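I have placed the structure first, in the form of structure tokens, so that the comments after it can refer back to it.
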Amino acid sequence: MNLHVVGQFPAYRPRRLRQSAVLRRFVSETQLDPAQLVLPLFVRSGRKVRQPIVAMPGVFQLSPDELVREAARAREVGVPAVLLFGIPDKKDDRASGAYARDGVVQQAVRLLKKELPELLVITDVCLCEYMSHGHCGVVQRGKHGARILNDPTLKLLARAAASHVEAGADMVAPSDMMDGRVRAIRQELDQRGFTDTPIMSYAAKFASAFYGPFREAAESAPKLGDRRSHQMDPANAREALREIALDIQEGADIVMVKPALPYLDIVHRVKTEFGYPTAAYAVSGEYSMVKAAAAKGWIDERAVTLESLLAMRRAGADIVITYAATDVARWMKEQ
Ligand code: PBG
């Protein structure tokens, strides 16, 4: 029931515009639409595999056949795009599964483009899932411990991106945070004739504890050390803007901020300062928190999720990447 507020009306009273759904919609500054959503999916080899991810209820590691079904369900309710992560059978210290012609992502892309040609297929480009040590780059072990070698990593990332596009990917999304990867990938794609394939770069990716559940999902937790040498310090906003500027210079077509909800100030600054197509990634930990609290009956999953995604849009995100994309699109249809 709507309770009416009575009292003295000043000349300007925003409340007047909240009295009817029509008026509210007239003056609503931000809209959330399924057309702005991207659903991340995890693919592994096999058939009929739906391996639940414990910390992410409703999310699974899927074999390519099941992946197509999941993507079709999303597509049916209006989600136009998916973002693929691969879990290879074997890992090594060259991440060879990342750029294998018959790698698990490459196979999945081919199948998706065959079965659902209108679905936009984006692939995550990183090495951590394919490396035995779980790091995003080539690791050199020496007297003074291990280091990640930036430049040799670029070649492997570029090969991985090109192999995804050769398989049919519509867009690649490098998430490794090595310096110079956007340029390296752009050059490689251009050389192979893929001049029209865009790059969505994880440009401001923070070294975040919110990625915890993802590392279970993608089996990509680093065996030693962490990712603070190449992912960003959560304390730094201006640095994030410099990272964004570099990626734009190198040829990124869309820039992404990640995580989303704790970093909406960054989303906002990126959008206002660059006016560039901007994506926000609501990461695994954000999803898991909502699921866990909802399972306890402590919050309303649907209302909290919709409000959070609307906040990302209000902050300036054109695109929202969320594990809840299919549910969200369905809820919006029902509304
Ligand atoms: C790296 C990558 C990560 C995520 C997306 N790409 C994890 C990391 O940097 O450790 C996290 C996504 C999420 O938490 O939902 N390949």
Side-chain angles (χ1 to χ4, degrees), residues 37-44 53-61 82-88 91 95 97-99 103-105 122-139 148 153 156-157 160-161 164 171-178 181-182 185 199-234 243 254-263 279-292 305 308-309 312 319-325:
L37 301 178
V38 176
L39 174 69
L41 292 170
F42 299 98
V43 60
R44 64 178 316 147
I53 296 155
V54 176
M56 300 176 73
V59 182
F60 302 83
Q61 294 179 346
V82 295
L83 170 62
L84 297 189
F85 294 92
I87 300 120
K91 303 178 190 251
Y99 41 85
V104 66
V105 166
I122 313 167
T123 56
D124 181 89
V125 177
C126 193
L127 304 182
C128 61
E129 297 105 291
Y130 305 90
M131 286 287 199
S132 38
H133 45 64
H135 278 290
C136 306
V138 176
V139 168
I148 298 174
T153 302
L156 302 187
L157 291 167
H164 295 170
M171 178 156 78
V172 290
S175 68
D176 53 283
M177 289 296 277
M178 295 297 123
R181 80 272 162 77
V182 174
I185 291 171
I199 299 174
M200 172 167 73
S201 112
Y202 290 66
K205 177 174 176 182
F206 288 87
S208 172
F210 285 93
Y211 306 151
F214 173 93
R215 293 180 186 167
E216 175 204 331
E219 301 177 8
S220 67
K223 296 266 152 35
L224 60 145
D226 56 41
R227 304 207 204 289
R228 276 182 296 187
S229 66
H230 50 290
Q231 298 184 353
M232 296 189 31
D233 184 341
E243 288 272 10
I254 299 172
V255 289
M256 188 206 295
V257 176
K258 179 183 168 198
L261 215 47
Y263 295 87
Y281 193 149
V283 301
S284 54
E286 297 178 60
Y287 175 85
S288 300
M289 288 195 304
V290 175
K291 282 285 181 186
T305 304
S308 303
L309 299 191
M312 292 164 205
I319 302 163
V320 176
I321 303 164
T322 169
Y323 299 97

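For reference, positions follow the sequence shown, starting with 1. These numbers come from the heavy atoms of this one structure, side chains and all, not from hydrogens, waters or symmetry mates. Remember, predicted model here, so these are calculated numbers, not experimental data. Whatever order the structure lists ligands and atoms in, that order sets their numbers, starting from 1.
- Ligand 1 places these atoms under 4.0 Å from at least one heavy atom of Glu129: 16 (N).
- Residue contacts with ligand 1 for Tyr323 involve side-chain atoms from C-beta outward but no N, CA, C or O (heavy atoms, distance under 4.0 Å).
- Under a cutoff of 6.0 Å and an axis angle of 45°, Lys258 and Tyr211 form a cation-pi pair.
- Of all atoms in ligand 1, listed by their number and element, those nearer than 4.0 Å to a heavy atom of Arg215 are 8 (C), 9 (O), 10 (O).
- Looking at atom 14 (O) of ligand 1, its nearest protein heavy atom turns out to be Ser284 OG, 2.7 Å.
- Within ligand 1, the atoms closer than 4.0 Å to a non-hydrogen atom of Phe85 are 5 (C), 6 (N), numbered from 1 in the order shown.
- Residue Cys126 touches ligand 1 through its side chain alone, judged by heavy-atom distances below 4.0 Å.
- With sequence neighbours left out, the ring-ring contact (aromatic ring centres under 6.0 Å, His included) criterion links Phe85 to Phe42, Phe214.
- The main-chain N or O of Pro174 is never found under 3.5 Å from a side-chain atom of Ser201 such that the two would form a donor-acceptor pair.
- Side-chain atoms of His135 and Cys128, non-hydrogen and from C-beta on, never get closer than 4.5 Å to each other.
- Each of the atoms 1 (C), 2 (C), 6 (N), 16 (N) of ligand 1 lies under 4.0 Å from some heavy atom of Ser175.
- Of all the atoms in ligand 1, the ones that sit under 4.0 Å from a non-hydrogen atom of Arg227 are 8 (C), 9 (O), 10 (O).
- Heavy atoms of Asp124 found under 4.0 angstrom from ligand 1 belong exclusively to the side chain.
- Annotation for ligand 1: atoms under 4.0 Å from non-hydrogen atoms of Cys128 are 1 (C), 16 (N).
- Counting protein heavy atoms only, atom 2 (C) of ligand 1 is closest to Lys205 NZ, 3.2 Å.
- Residue contact annotation: Gln231 has a non-hydrogen atom under 4.0 Å from ligand 1.
- Ranking protein heavy atoms by distance to atom 11 (C) of ligand 1, first place goes to Lys258 NZ, 3.0 Å.
- Between Glu219 and Arg44 there is a salt bridge, with a side-chain nitrogen of the basic residue lying less than 4.0 Å from a carboxylate oxygen of the acidic one.
- The shortest distance between side-chain heavy atoms of Phe206 and Met232 falls below 4.5 Å.
- Under the salt bridge (charged side-chain N to carboxylate O under 4.0 Å, His left out) criterion, Glu216 pairs with no residue at all, not counting sequence neighbours.
- In terms of protein heavy-atom proximity, atom 12 (C) of ligand 1 is closest to Phe214 CD1, 3.3 Å.
- Listed for the Lys91 side chain is no donor-acceptor partner under 3.5 Å among the backbone atoms of His133.
- Note: no N/O pair closer than 3.5 Å links Tyr202 and ligand 1 by distance alone.
- Under the 3.5 Å distance criterion, with hydrogens and angles disregarded, no donor-acceptor pair is assigned to the side chains of Asp176 and Tyr202.
- In terms of heavy-atom proximity, Ala207 sits nearest to Pro234 at O-CG, 3.8 Å.
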